[in-house]
Amino acid sequence: MKKHFLFVLALCICSNILFAQDDATSKIRKEGLSNSKVMDIAFHLTDISGPRLTNSPGFFRAASWAKDELTKMGLVNVKIEPWGDFGTGWEQTRCYVAMTAPYYAPMIAIPRAWTGSTPGNGIISRSVILIKAKDSAQLYQDYAGKLNGQVVMFYTNDTLHPSFTADGNRYTDEELDKMANAKKDTTRRQRRNFSPEQLAAMQQQRALARQMNAFYNKEKPALVLSMNGRGNDGTLFVQNGGSNTKGAQNNYAWVMLSSDDFLRVQRLVEAGIKVQMETDVKTKFYDKDIKGYNVVAEIPGTDPILKDELVMLGGHLDSWQGATGATDNAAGSAVMMEAVRILKATGLQPKRTIRIALWSGEEQGLFGSRNYVKNHFADPVDMVLKPAHKMVSAYYNLDNGTGKIRGIYLQGNDAAGPIFEKWLEPFHDLAAKTVTINNTGGTDHLSFDAVGIPGFQFIQDEIEYNTRTHHTNMDTYDHLVPDDLKQAATIIASFVYNTSQLDEKIPRKELPKARGTGGRNF
């Protein structure tokens, strides 16, 4: 009789737990899918804030707004927290580039980050000089003393090729099945092997690029034109061209032209036709405060025993300067802010504390998250663990564009697989089913994984990420997919809440060994 009573009691307890989970999921789904604010958040981070290069005015506009908005949502301990030295901020304040002879044509152009301005206070007009040099010896022999105050471009053999595939795509069932069936990779990753000829060519190219930069800084051209090597159809992939180190030489203006514009100008000059260019490029550096900052906020835990433990979620707030960084990564930041808004709006009471972090400096090397982890949890160089290291259950990241969540990368943490498979079941109808043992790289979950804290990135449909929006002038609000972002925020809110309610923390992999000062960066 006693055994029967205990069995029935256990069933009741399990049923109550499952019912509580189902009830929480139902509340999260209703709030996330029917009352979403994710696009309004994205609007403020993109159209209103503008480009968010780390330490630029646009970044601080977005960070200040996010801090105020998280406070309005009811989160606590909301702050813009310094993580260490980053360097100077920078922004473009004017960019006008047009060909005026042999006829007038406006150019699609964007200044490369941390580069200078054209001389004077207004438009200058110059003939274009085409540099054709195979090495530094020819460069100095043929062009030294001839470039000061001029508009210059370096010859390229690149040509444009038509695209016969769609810009946007979603994962197929076959691709997701392959990811789900992947085996754990226990081998040490090998560097890609290049032939001696390939290595020599790459080394020569890098050396020439360094020499060109030194040459330009010495010669002080008015403007350097460079070709957008990856995109066409008016899409510019544009990042940095100078240094964010305080006091670094950034003496000349340097813009990225669309491939179509650059190649047209090059053909004209090479044919001996005089090309006249009007330019007015102005940029501004900010070096009064060189520290980098993250936005951090919390939903306090309610369990007397577990409230000091953490569940973290985040994405990087910074972007490049070519557009407003919508898919990279206002989308991820907006989704994470929406996820904590959902949890507050539903009235759910997490047992563990939930902490959201919006990172800076991701685009320059995961600086915001790496230094946050170093300051709070551990440094992968020596792996001396701080007390808070053991208190983190998991970190969840979103940074692969606007696409809906299709599942999650385990980052080699196979013990977490069955847990996540169960948590995805209520979202199979939203096309989120796949759990893969695979690793994925390139963003802030790696900072946590590097010190043995479970860090996860979600699988997302690519949409136009690598073809059209990633680090380009097309990365704008209009390239966001609202229903995909609603779905993502809903699923992440559920994952974060479920993690907060577990009796135990998410299983951990074996603690990584110290990398030492010569260790390879992640």
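Counting from 1, the numbers follow the sequence of the chain as shown. Because only heavy atoms are used, hydrogens play no part in the values below, and waters and symmetry mates are left out as well, while side chains stay in.
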**Request:** Output, in order, the C-alpha distance, side-chain angles, deciding distance and verdict of side chain to side chain donor-acceptor pair (under 3.5 Å) for E81 and Y372.
**Result:** CA-CA 9 Å; E81 178 182 312; Y372 183 89; 5.2 Å; no
**Prompt:** How many angstroms lie between CH2 in W359 and CG in N329, if you round to the nearest 0.5 Å?
**Reply:** 12.5 Å
**Request:** Please find out if less than 6.0 Å separates the ring center of H470 from that of Y465.
**Result:** yes
**Prompt:** For D22, does its backbone N or O pair with a side-chain atom of S26 as donor and acceptor, under 3.5 Å?
**Reply:** no
Tell me which donor-acceptor pairs under 3.5 Å the side chains of residues 424-432 have, and how far apart each pair is, sequence neighbours excluded?
| residue | atom | partner | partner atom | Å |
| --- | --- | --- | --- | --- |
| D429 | OD1 | R29 | NH1 | 3.0 |
| D429 | OD2 | R29 | NH2 | 2.9 |

**Prompt:** Do you know which two heavy atoms are closest between A63 and V295, and how far apart they sit?
**Reply:** CB-CG2, 3.7 Å
**Request:** Heavy atoms only: give me the nearest K390-K505 pair and the separation to one decimal.
**Result:** O-CE, 3.0 Å
**Message:** For a quick test of reading the model, state the closest non-hydrogen atom pair linking R170 to E175 and the distance between them.
**Reply:** O-OE1, 4.1 Å
**Under the side chain to side chain donor-acceptor pair (under 3.5 Å) test, residues paired with E421 that sit two or more places apart** = none
**Message:** Tell me if a side-chain donor or acceptor on D461 pairs with a main-chain N or O of R406 at a distance below 3.5 Å.
**Reply:** no
**Prompt:** Got a donor-acceptor contact below 3.5 angstrom from the S333 side chain to the A330 backbone?
**Reply:** no
**Item:** NZ/NE/NH1/NH2 to OD/OE distance under 4.0 Å, E31 and R341
**Value:** yes
**Item:** side chain to side chain contact (heavy atoms under 4.5 Å, CB included) between V435 and L410, worked out
**Value:** CA-CA 7 Å; V435 175; L410 291 177; 3.6 Å; yes
**For M337 against V340, the heavy-atom pair lying closest together** = O-CG2, 3.1 Å
**Message:** With a 3.5 Å distance limit and no angle check, can you tell me whether E464 reaches the backbone of E462 through a side-chain donor-acceptor pair?
**Reply:** no
**Item:** K433: salt bridge (charged side-chain N to carboxylate O under 4.0 Å, His left out) partners, not counting sequence neighbours
**Value:** none
**Request:** Name the orientation class of the two ring planes belonging to F495 and F420 (parallel below 30°, tilted from 30 to 60°, perpendicular beyond 60°).
**Result:** tilted
**Asked** In this structure, are over 12 heavy atoms from other groups packed under 6.0 Å from K307 atom NZ?
**Response** no
**Message:** Assess whether a salt bridge exists between D68 and K72, defined as any Lys/Arg side-chain N lying under 4.0 Å from an Asp/Glu carboxylate O.
**Reply:** no
**Message:** Tell me every residue that passes side chain to side chain donor-acceptor pair (under 3.5 Å) with T235, counting only those two or more places apart in sequence or in another chain.
**Reply:** R468
**Asked** Are side-chain heavy atoms of S360 and H316 found at a separation under 4.5 Å?
**Response** no
**Request:** Examine distances only and state if a side-chain atom of W90 and a backbone atom of T115 form a donor-acceptor pair shorter than 3.5 Å.
**Result:** yes
**Asked** Would R352 and D303 count as a side chain to side chain contact (heavy atoms under 4.5 Å, CB included) if you check the C-alpha gap in whole Å, the side-chain angles of each, and the deciding distance to 0.1 Å?
**Response** CA-CA 7 Å; R352 291 175 175 84; D303 185 271; over 6 Å; no
**Request:** Kindly assign one of parallel, tilted or perpendicular to the pair F367 and W83, based on the angle between their ring planes and the thresholds 30° and 60°.
**Result:** tilted
**Message:** I need the minimum non-hydrogen distance between A66 and L358, along with the two atoms involved.
**Reply:** CB-CD1, 3.9 Å
**Item:** Sole candidate of D484, I491, D483 that passes side chain to side chain contact (heavy atoms under 4.5 Å, CB included) when paired with Q487
**Value:** I491
**Request:** Would you kindly say whether D475 and T327 are connected by a side-chain donor-acceptor distance under 3.5 Å?
**Result:** yes
**Asked** If only atom types and distance count, is the side chain of N294 paired as donor or acceptor with the main-chain N or O of A357 below 3.5 Å?
**Response** no
**Complete:** With sequence neighbours left out, the residues meeting ring pair (Phe, Tyr, Trp, His ring centres under 6.0 Å) with H389 are none
**Prompt:** So, for N397 and D399, which heavy atoms are closest and what is the spacing to 0.1 Å?
**Reply:** ND2-CB, 3.6 Å
**Prompt:** What do you reckon, is NZ of K282 surrounded by more than 12 foreign heavy atoms closer than 6.0 Å?
**Reply:** yes
**Asked** Quick one: do the Y396 and T499 side chains pair a donor with an acceptor below 3.5 Å?
**Response** yes
Contacts under 3.5 angstrom, residues 43-56 side chains, donor-acceptor by atom type, not counting sequence neighbours:
| residue | atom | partner | partner atom | Å |
| --- | --- | --- | --- | --- |
| H44 | ND1 | D40 | O | 3.0 |
| T46 | OG1 | A42 | O | 2.7 |
| S49 | OG | H44 | O | 2.7 |
| R52 | NE | L317 | O | 2.6 |
| R52 | NH1 | L45 | O | 2.9 |
| R52 | NH1 | T324 | O | 2.6 |
| R52 | NH2 | G325 | O | 2.9 |
| T54 | OG1 | G361 | N | 2.8 |
| N55 | ND2 | G87 | O | 3.0 |
| N55 | ND2 | K291 | O | 3.0 |
| S56 | OG | L53 | N | 3.4 |
| S56 | OG | L53 | O | 2.6 |
| S56 | OG | G58 | N | 3.4 |
| S56 | OG | F59 | N | 3.2 |

**Request:** Test Q457 against every option in T440, N400, N439 by the side chain to side chain donor-acceptor pair (under 3.5 Å) rule and name the one that passes.
**Result:** N400
**Asked** Can any side-chain N or O of D449 pair as donor or acceptor with the backbone N or O of G455 at less than 3.5 Å?
**Response** no
